[in-house]
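Taking it in order: structure first as structure tokens, then the write-up.
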Amino acid sequence: MQPPVPPTISESPSPTPSDAPPSRPRMFNGATIHGIRGIRELRHPAEIPLMIATSVATGLAYLLWIALLIWLSAVPEPTGPGAQVRDFFLDQEGNGMQFLLLVPAIPIVLWVGRAMLYAKLRATAVQMSPTQFPEGYRMVVEAARQFGLRRVPEAVHSDMFEIGGQVRDPEALRFVIGHEVGHLAAGHISLLRLLFVTLGQNVPLLGKALIRSQEYTADNHGYAYAPEGV
């Protein structure tokens, strides 16, 4: 007997059906049929300005890295404060340039890190499906449909289930699922976004403010999907 085929977005029940057909996610079309901006009404108003500021900080960090490499190459033996800067990055023999050369590898590190995390989840987690935790899986499908996701995201079992797969608080679980699906719908974990904000998130206050605004956006999605579970 063949296992059941998971429903696609267009086949799943929806409280807010859409006429736009789902399509394959691409780099610049966003995770949802609403485009790369997502559902603007559910996005916290401070998130986009903070993301732009963080992206600018990331760009400046790359420019400073390039300027530092050029300066270290052009002035191999600086004096005064310049010598202290040089000694911070390089030892007396000039070693340490390899560390600076790792900065452009950040996109590769992010890609590999995401792949390893996904592989770990696939190997150790319990996947929700039509036959495993079907009640929770149905909520994932509904939330994905409501937010216009181009495909149903994979979900795993959480501590909100009792032993045997019974839901402790269905509405609370719906809210949490709406929150987590909201992160996907808003593009918070897309590789393109991470490339723009990763370095800038280390800026004091700015990075934490961006993360908090993203959580508010996800909360808005959770509330839109399950207001009784807030």
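In what follows, every heavy atom counts, from backbone to side chain, and hydrogens, waters and symmetry copies are set aside.
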task: With side chain to side chain contact (heavy atoms under 4.5 Å, CB included) as the test, would you mind laying out the steps for Val152 and Tyr137 before giving the verdict?
output: CA-CA 10 Å; Val152 178; Tyr137 178 75; 4.2 Å; yes
task: Take Thr32 and Arg150 through the test side chain to side chain contact (heavy atoms under 4.5 Å, CB included) and record every step on the way to the result.
output: CA-CA 5 Å; Thr32 74; Arg150 299 178 188 276; 5.6 Å; no
- request: Take Leu173 and Met139 through the test side chain to side chain contact (heavy atoms under 4.5 Å, CB included) and record every step on the way to the result.
  value: CA-CA 9 Å; Leu173 179 62; Met139 295 178 186; 3.9 Å; yes
message: Using salt bridge (charged side-chain N to carboxylate O under 4.0 Å, His left out), reason through Glu228 and Arg174 one step at a time and then give a plain yes or no.
response: CA-CA 9 Å; Glu228 297 300 324; Arg174 282 170 59 87; over 6 Å; no
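Here the shortest heavy-atom pairing between Gly187 and Arg193 reads O-CD, 3.0 Å. Contact detail for Val140 and Pro153: the closest heavy-atom pair is CG1-O, 3.8 Å. The two atoms that bring Tyr225 and Gln146 nearest to each other are CD1-OE1, 3.4 Å, heavy atoms only. A pairwise comparison of heavy atoms in Thr54 and Gly200 identifies CG2-C, 3.4 Å as the closest pair. Between Val203 and Ala57, the shortest heavy-atom contact is CG2-CB, 4.0 Å. Here the closest heavy-atom approach between residue Met51 and residue Val197 is recorded as CG-CG1, 3.9 Å.
Enclosure of atom CG in Leu205 is not indicated, since only 12 or fewer non-hydrogen atoms of other residues, nucleotides or ligands lie within 6.0 angstrom. For Ile108, the CD1 atom sits in a loose shell: 12 or fewer heavy atoms of surrounding residues, nucleotides or ligands are nearer than 6.0 Å. Counting heavy-atom neighbours within 6.0 Å of Arg37 CZ, excluding the residue itself, gives a total of 12 or less.
In summary, the side chains of Arg43 and Gln214 do not present any donor paired with an acceptor at a separation below 3.5 Å, with no hydrogens or angles considered. Side chain to side chain, Glu47 and His188 meet the donor-acceptor criterion of an N or O pair below 3.5 Å.
Annotation: ring pair (Phe, Tyr, Trp, His ring centres under 6.0 Å) contacts of His179 (sequence neighbours excluded): His183. The salt bridge (Lys or Arg N to Asp or Glu O under 4.0 Å) search around Arg212 returns none, not counting sequence neighbours.
A donor-acceptor contact shorter than 3.5 Å links the side chain of Arg114 to the backbone of Ile189. Of the possible donor and acceptor atoms, none in the side chain of Ser213 sits under 3.5 Å from a partner among the backbone N and O of His44.
When hydrophobic side chains of Ile, Leu, Val, Met, Phe, Trp and Tyr are connected at separations under 4.5 Å, Phe175 ends up clustered with Tyr223, Val230.
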